[in-house]
Novice: 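Structure below; questions to follow.
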Amino acid sequence: MMNVDLPSPRLRFAPSPTGVLHIGGARTALYNWLLARGSGGTFVLRIEDTDRERSTPENVEQILDALRWLELDWDEGPYSQWERRDRHGEVVERLVDGGHAYEDEGAVRLRVPDAGETVIHDAIRGDIAFPHSAIKDFVIRRSDGSPLYNLAVAVDDLDMGITHVVRGDDHISNTPRQVMILRALSEEPPAYAHLPLLHGPDGKKLSKRHGAASVQDLREAGYLPEAVRNYIALLGWGYDESTTFFTTEELIERFDLSRVSKNPAVFDEQKLRWMNGRYLRELDPDDLRRRLEELTGREVPPEAVAITQEKMQTLTDFWPLAGFLVQRGPFDDRAWARVMRDSGPERLRAARDALEHAGEPFDVERVEAALRGVVERLGVKPKDVFQPVRVAITGTTVSPGIFESVAALGREETLARIDEALRRASGTGH
RNA sequence: GGCCCCGUGGUGUAGUGGCUAGCACGCGAGACUUUCACUCUCGUAGCGCGAGUUCGAUUCUCGUCGGGGCUACCA
């Protein structure tokens with residue numbers, strides 16, 4: 001039931017464009033987005049670009065790109081904090097005029113009382129008290145006139161009507177400063193929630209140093225956005241004791257700050273891989289094919305998707321498995337040596353003949369019947385026949401199912417490749 | 001150093017003043033099987049430590065240790 005008396009929540013994601021969006025930032029964006037979508041609220045995007053050195057258009061575009069790929073759409077923005085610098089300057093003036101701030105060597109500092117404390121109410125951690133004795137008068141405007149982070153954030157959150165600030169743990173110490181600025185302006189601070197940081201495998205705050213941790217890296221590594229969303233939602237949050245898979249609708253409905261954990265999480269790509277594989281197998285084949293083409297920029301035969309979908313963990317697993325369908329590769333030496341020794345070539349020859357005389361259509365059923373017939377006639381194990389065929393047509397011992405592979409390749413090309421292998425066997429063999 | 005946050009298997013989490021501490025990934029073994037993968041079964045491993053409160057603490061309190069964050073005229 002809606003409470004029409006309460007203003008609808010306004011949340012924001014406010015990254016600084018210092019490079020790529022890593023999964024920690026992506027998770028913060030996701031949580032804000034889920035909260036907004038689950039409450040009929042508004043999701044605001046604001047770029048904290050007051051550091052002109054790092055805030056390049058390319059960096060900003062990277063962030064927007066990553067958010068679009070994750071399908072986290074924003075209702076307002078992106079606002080540029082830099083473009084609001086005149087407004088920030090006005091507020092500084094007001095604080096100085098009101099006696100809350102003063103000039104010091106060209107810069108402006110906020111006056112922090114010597115005694116007392118500022119308490120912030122955190123939705124995840126409860127009340128946190130900061131003794132003023134530990135906070136010195138801090139700079140809110142540089143001597144060149146530009147505003148500093150804490151000032152800009154406080155003013156922007158205020159002006160943009162932000163009701164809930166959900167951000168990383170590393171901002172806890174900044175919060176009392178922002179609250180003090182707001183109070184000096186006679187304004188009430190928004191509600192705060194500080195998420196535990198994501199750590200790298202070394203236990204440190206996640207950064208660019210930690211390998212494939214950016215959203216664009218994950219995209220290039222062949223992960224699906226829905227899998228990434230599901231996975232990162234679970235980094236720091238759990239719904240119950242056993243649910244692992246959530247549709248986006250379920251996440252929107254069930255996500256709740258009160259169930260966000262307090263301790264930092266470590267990104268585990270193994271689990272993402274597993275989860276991505278599960279999502280991949282659920283995909284409609286046409287959809288999967290479209291995504292493969294989009295990522296790899298190569299045309300993908302539908303039958304290649306059909307025979308590899310069960311075996312992929314990420315989209316980048318595709319070509320190594322299915323490449324043989326569009327291109328003859330070299331024979332892997334170890335694979336060749338393993339299957340072509342002894343009577344390998346003989347069995348391959350038998351398989352060749354059986355395939356040549358299998359009827360029409362040359363489909364999975366006929367291929368299987370033909371090859372199993374050879375196994376039976378020769379009185380050998382299935383793999384004694386299948387593996388040589390596999391190596392002959394794919395070059396390696398690892399491939400999709402052999403019947404499917406042969407049928408997808410087609411009779412003509414299959415026979416041609418087997419012939420080539422047989423020639424090679426007789427040329428280099430005994 | 002000061003201030004602040006956090007501490008359940010290797011990883012992500014669930015959970016309770018009394019349970020065989022649950023689930024998932026990973027790892028190991030087995031089943032299936034034409035390779036790989038999938039799937040299934042079984043197994044592996046955890047409440048940082050020390051006091052206190054209590055009939056009883058993983059759970060509550062204090063301390064301690066450990067990890068992390070902030071402490072910029074960075075964001």
Side-chain angles (χ1 to χ4, degrees), chain A residues 14-18 47-51 53-55 81 104-109 117 120 122 124-126 128-136 138-150 152-153 168-177 194 196-197 199 201-205 231-232 234-245 259 261-275 277-278 281 308-313 317 320-321 335 338-339 368 371-372 375 381-391 394 396-405:
Chain A
S16 61
T18 53
I47 306 296
E48 314 229 307
D49 53 357
T50 54
D51 181 342
E53 297 286 305
R54 293 184 282 188
S55 302
Q81 192 159 66
D104 172 35
E105 298 194 30
V108 174
R109 291 180 183 275
E117 59 182 23
I120 65 174
D122 190 282
I124 295 171
R125 289 156 217 285
I128 307 171
F130 295 84
H132 291 333
S133 55
I135 305 175
K136 58 184 181 187
F138 56 96
V139 176
I140 56 178
R141 192 185 71 186
R142 297 186 184 86
S143 47
D144 69 1
S146 61
L148 270 99
Y149 171 74
N150 282 125
V153 168
D169 215 333
D170 49 342
H171 289 286
I172 287 185
S173 304
N174 287 140
T175 307
R177 293 178 174 82
H194 288 93
L197 254 25
H199 285 182
D202 60 355
K204 297 251 194 298
K205 178 179 172 180
Y231 176 73
I232 64 179
L234 259 19
L235 280 180
W237 175 80
Y239 178 65
D240 60 17
E241 58 184 47
S242 59
T243 311
T244 303
F245 289 93
R259 293 192 66 86
S261 73
K262 297 186 177 76
N263 44 315
V266 174
F267 171 62
D268 176 18
E269 190 168 355
Q270 292 266 39
K271 190 163 186 174
L272 210 210
R273 284 189 68 82
W274 165 79
M275 182 169 275
R278 292 281 301 256
R281 270 168 256 132
T308 55
Q309 183 161 13
E310 296 297 306
K311 296 174 184 296
M312 281 186 270
Q313 208 105 84
D317 289 342
L321 279 170
R338 205 173 322 139
V339 303
E368 175 162 8
L371 291 179
R372 287 202 188 280
V375 169
K381 291 178 180 167
K383 68 177 176 184
D384 293 333
V385 172
F386 300 164
Q387 286 299 74
V389 172
R390 192 187 306 280
V391 172
T394 71
T396 82
T397 50
V398 177
S399 82
I402 191 62
F403 315 130
E404 291 79 1
S405 295

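For the numbers below, each heavy atom of this structure counts, side chains included, while hydrogens, waters and symmetry mates do not. Residue numbers begin at 1 in each chain, while the letters A, B, ... track the order of the sequences. All of these numbers come straight from a predicted model, not from anything done at the bench.
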Novice: Mind checking the P distance from G46(B) to U41(B)? Whole angstroms is fine.
Specialist: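 Here G46(B) and U41(B) have their P atoms 23 Å from each other.
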
Novice: Expressed as a whole number of angstroms, how long is the span from I135(A):CD1 to A72(B):P?
Specialist: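 Interatomic distance, CD1 of I135(A) to P of A72(B): 12 Å.
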
Novice: Answer yes or no: side-chain N or O of S173(A) and base N or O of C4(B) forming a donor-acceptor pair under 3.5 Å.
Specialist: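 No.
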
Novice: Closest nucleotide of RNA chain B for G236(A) versus for A14(A): which of these residues is on the 5' side?
Specialist: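 Residue closer to the 5' terminus by nearest nucleotide: G236(A).
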
Novice: So for D49(A) and A75(B), does any side-chain atom that can act as donor or acceptor lie under 3.5 Å from a complementary atom in the base?
Specialist: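 When only heavy-atom distances are counted, D49(A) does not reach the base of A75(B) through any donor-acceptor pair under 3.5 Å.
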
Novice: Taking U33(B) as the reference, what is the distance to C40(B) when you measure between their C1' atoms (whole Å, please)?
Specialist: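 It comes out at 13 Å once rounded to the nearest Å.
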
Novice: Can you list everything that forms a salt bridge (Lys or Arg N to Asp or Glu O under 4.0 Å) with R372(A)? Sequence neighbours excluded, please.
Specialist: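 So R372(A) forms a salt bridge (Lys or Arg N to Asp or Glu O under 4.0 Å) with E368(A).
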
Novice: Return the nearest nucleotide to the side chain of F386(A); candidates are U34(B), U35(B), C3(B).
Specialist: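 Looking only at side-chain atoms, F386(A) lies closest to U34(B).
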
Novice: By the 4.0 Å heavy-atom rule, please label D384(A) as base, sugar-phosphate, or nothing.
Specialist: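 Result for D384(A) = nothing.
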
Novice: Using atom NE2 of H194(A) as one end and atom C1' of C70(B) as the other, report the distance to the nearest whole Å.
Specialist: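 The answer, rounded to whole Å, is 11 Å.
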
Novice: Please state the P separation for the pair C60(B) and G66(B) - nearest whole angstrom.
Specialist: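 Approximately 23 Å lies between the P atom of C60(B) and that of G66(B).
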
Novice: If the cut-off is 4.0 Å, is R259(A) near the phosphate of G15(B), judged by side-chain N/O to OP1 or OP2?
Specialist: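 R259(A) to G15(B) OP1/OP2: side-chain N or O found under 4.0 Å.
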
Novice: For D122(A), which residues count as a side-chain hydrogen bond (donor to acceptor under 3.5 Å, both in side chains) partner, sequence neighbours excluded?
Specialist: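 Partners of D122(A) by the side-chain hydrogen bond (donor to acceptor under 3.5 Å, both in side chains) criterion, ordered by chain and then number, come out as H194(A).
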
Novice: Which nucleotide in the list A75(B), U34(B), C73(B) gets nearest to the side chain of T50(A)?
Specialist: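 Closest of the options to the side chain of T50(A): A75(B).
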
Novice: Looking at the side chain of D268(A), which of A72(B), C25(B), C3(B) is the nearest nucleotide?
Specialist: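 So the nucleotide nearest the side chain must be C25(B).
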
Novice: Can you check whether R273(A) has a side-chain N or O nearer than 4.0 Å to OP1 or OP2 of G26(B)?
Specialist: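 The answer is no; no side-chain N or O of R273(A) sits under 4.0 Å from OP1 or OP2.
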
Novice: Using only side-chain N and O atoms of R142(A), determine if any of them is under 4.0 Å from OP1 or OP2 of A72(B).
Specialist: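 For A72(B), neither OP1 nor OP2 has a side-chain N or O of R142(A) closer than 4.0 Å.
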
Novice: Students often get this wrong, so: under 4.0 angstrom with heavy atoms, is S261(A) touching a base, only sugar-phosphate, or nothing?
Specialist: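 Sugar-phosphate contact only - S261(A) comes under 4.0 Å of backbone atoms but never of a base.
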
Novice: Between atom CZ in R177(A) and atom C1' in C73(B), what is the gap in whole Å?
Specialist: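 For the pair R177(A) CZ and C73(B) C1', the rounded distance is 14 Å.
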
Novice: Looking at residues at least two apart in the chain, or sitting in another chain, which of them share a ring pair (Phe, Tyr, Trp, His ring centres under 6.0 Å) with Y149(A)?
Specialist: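 For Y149(A), the residues satisfying ring pair (Phe, Tyr, Trp, His ring centres under 6.0 Å) (neighbours in sequence not counted) are H171(A).
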
Novice: Identify, with sequence neighbours excluded, every residue that meets side-chain hydrogen bond (donor to acceptor under 3.5 Å, both in side chains) alongside R273(A).
Specialist: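 Testing R273(A) for side-chain hydrogen bond (donor to acceptor under 3.5 Å, both in side chains), a comparison that skips the adjacent residues, returns none.
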
Novice: Give the nucleotide from the list C70(B), G68(B), U35(B) with an atom nearest to the side chain of D170(A).
Specialist: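 Among the listed nucleotides, the one closest to the side chain of D170(A) is C70(B).
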
Novice: Choose from G12(B), G69(B), A75(B) the nucleotide whose nearest atom is closest to any side-chain atom of K271(A).
Specialist: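 Among the listed nucleotides, the one closest to the side chain of K271(A) is G12(B).
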
Novice: Within this structure, what is the CH2-to-C1' distance between W237(A) and A24(B), rounded to whole angstrom?
Specialist: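 So the CH2-C1' distance, W237(A) to A24(B), works out to 14 Å.
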
Novice: Side chain to side chain contact (heavy atoms under 4.5 Å, CB included) with S399(A): which residues, sequence neighbours excluded?
Specialist: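 S399(A) satisfies side chain to side chain contact (heavy atoms under 4.5 Å, CB included) with R390(A), T394(A), S405(A) only.
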
Novice: Does P15(A) reach a base, just sugar-phosphate, or nothing at all? Heavy atoms under 4.0 Å.
Specialist: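 Contact class for P15(A): none.
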
Novice: F403(A): which residues meet the ring pair (Phe, Tyr, Trp, His ring centres under 6.0 Å) condition with it, sequence neighbours left out?
Specialist: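 Applying ring pair (Phe, Tyr, Trp, His ring centres under 6.0 Å) to F403(A) gives F386(A).
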
Novice: Listed by chain and number, what are the salt bridge (Lys or Arg N to Asp or Glu O under 4.0 Å) partners of R109(A), not counting sequence neighbours?
Specialist: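 Per chain and number, R109(A) pairs via salt bridge (Lys or Arg N to Asp or Glu O under 4.0 Å) with D104(A).
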
Novice: Does I402(A) reach a base, just sugar-phosphate, or nothing at all? Heavy atoms under 4.0 Å.
Specialist: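 Touches a base.
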
Novice: If I take atom CG in residue L148(A) and atom P in nucleotide U71(B), what distance separates them, rounded to the nearest angstrom?
Specialist: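 Going from CG in L148(A) over to P in U71(B) covers 11 Å.
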
Novice: Without swapping roles, check the side chain of R259(A) against the backbone of W237(A) for a donor-acceptor pair under 3.5 Å.
Specialist: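 Not a single qualifying donor-acceptor pair exists.
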
Novice: Just wondering, do H199(A) and P264(A) contact through their side chains at under 4.5 Å, heavy atoms?
Specialist: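 Yes; the side chains approach each other to less than 4.5 Å.
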
Novice: For T396(A) and V398(A), indicate whether the former's side chain and the latter's backbone hold a donor-acceptor pair under 3.5 Å.
Specialist: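 Indeed, once roles are kept as given, a pair shorter than 3.5 Å links the two residues.
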
Novice: Taking the six-membered ring for Trp and the single ring otherwise, decide whether the centroids of W274(A) and F245(A) are under 6.0 Å apart.
Specialist: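 Aromatic pair counts; centres sit under 6.0 Å.
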
Novice: Rounded to whole Å, please give me the gap between CD in Q313(A) and P in G26(B).
Specialist: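 Rounded to whole Å, this separation is 8 Å.
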
Novice: Does A107(A) reach a base, just sugar-phosphate, or nothing at all? Heavy atoms under 4.0 Å.
Specialist: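 A107(A): base contact, heavy atoms under 4.0 Å.
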
Novice: Just wondering, do S55(A) and Q81(A) contact through their side chains at under 4.5 Å, heavy atoms?
Specialist: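 Result no, sub-4.5 Å side-chain heavy-atom pair not found.
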
Novice: Nearest to the Q81(A) side chain among C73(B), A75(B), C3(B), which nucleotide is it?
Specialist: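 Per side-chain heavy atoms of Q81(A), the pick is A75(B).
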
Novice: Please identify each residue that fulfils side chain to side chain contact (heavy atoms under 4.5 Å, CB included) with S133(A), with sequence neighbours left out.
Specialist: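 Only P131(A) meet the side chain to side chain contact (heavy atoms under 4.5 Å, CB included) criterion with S133(A).
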
Novice: Could you go over nucleotides 5-7 of chain B and give all protein N or O partners under 3.5 Å, atom names and distances?
Specialist:
unit_1	atom_1	unit_2	atom_2	d
C5(B)	O2'	R125(A)	NH1	2.8

Novice: Under 3.5 Å, which protein N or O atoms sit close to an N or O of nucleotides 39-45 of chain B? Give each pair with its distance.
Specialist:
none

Novice: Measure from the side-chain heavy atoms of V266(A) and tell me the nearest of U11(B), A72(B), G2(B).
Specialist: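 Nucleotide nearest to V266(A)'s side chain: U11(B).
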
Novice: Set out, line by line, the N/O atom pairs under 3.5 Å between protein and nucleotides 19-23 of chain B.
Specialist:
unit_1	atom_1	unit_2	atom_2	d
G22(B)	N2	E241(A)	O	2.9
C23(B)	O4'	E241(A)	O	3.4

Novice: Just to confirm, is there a sub-4.0 Å distance from OP1 or OP2 of G2(B) to any side-chain nitrogen or oxygen of K136(A)?
Specialist: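 Answer no for this pair, as no side-chain N or O of K136(A) is under 4.0 Å from OP1 or OP2.
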
Novice: What is the distance, to the nearest angstrom, from the CZ atom on F130(A) to the P atom on C3(B)?
Specialist: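 That distance rounds to 12 Å.
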
Novice: Counting Watson-Crick and G-U wobble pairs with both distances under 3.5 Å, what is the dot-bracket string for RNA chain B, 5' to 3', using [ ] for crossing pairs and | for pairs to another strand?
Specialist: (((((((..((((....[...))))((((((.......))))))...(((((..]....))))))))))))....

Novice: Show the nearest heavy-atom pair for residues A129(A) and E117(A), with the distance to one decimal.
Specialist: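 Answer, listing the atom of A129(A) first, then E117(A): CB-OE1, 3.7 Å.
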
Novice: Apply side-chain contact (heavy atoms from CB on, under 4.5 Å) to residues R177(A) and F138(A) and explain how you reach the verdict.
Specialist: CA-CA 8 Å; R177(A) 293 178 174 82; F138(A) 56 96; 3.4 Å; yes

Novice: Within the 4.5 Å heavy-atom criterion, are R338(A) and T397(A) side-chain neighbours or not?
Specialist: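 With C-beta onward as the side chain, the pair touches.
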
Novice: With sugar-phosphate meaning primed atoms plus P, OP1 and OP2, does R109(A) contact a base, only sugar-phosphate, or nothing at under 4.0 Å between heavy atoms?
Specialist: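 Sugar-phosphate contact only - R109(A) comes under 4.0 Å of backbone atoms but never of a base.
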
Novice: Identify whether any heavy atom of Y231(A) sits under 4.0 Å from a base atom; if not, whether one sits that close to sugar-phosphate; answer base, sugar-phosphate or nothing.
Specialist: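 Y231(A): no heavy atom of the nucleic acid under 4.0 Å.
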
Novice: NA contact type, G401(A), heavy-atom cut-off 4.0 Å: base, sugar-phosphate, or nothing?
Specialist: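 G401(A): base contact, heavy atoms under 4.0 Å.
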
Novice: Using the side-chain heavy atoms of S143(A), tell me which of these nucleotides is nearest: C73(B), U34(B), C4(B).
Specialist: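 Side chain of S143(A) sits closest to C73(B).
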
Novice: Please report the distance, rounded to the nearest Å, between CG in L234(A) and P in A24(B).
Specialist: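 The distance from CG of L234(A) to P of A24(B) comes to 13 Å, rounded to the nearest Å.
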
Novice: Do the non-hydrogen side-chain atoms of V375(A) and D384(A) ever get within less than 4.5 Å of each other?
Specialist: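 Answer no - side chains too far apart.
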
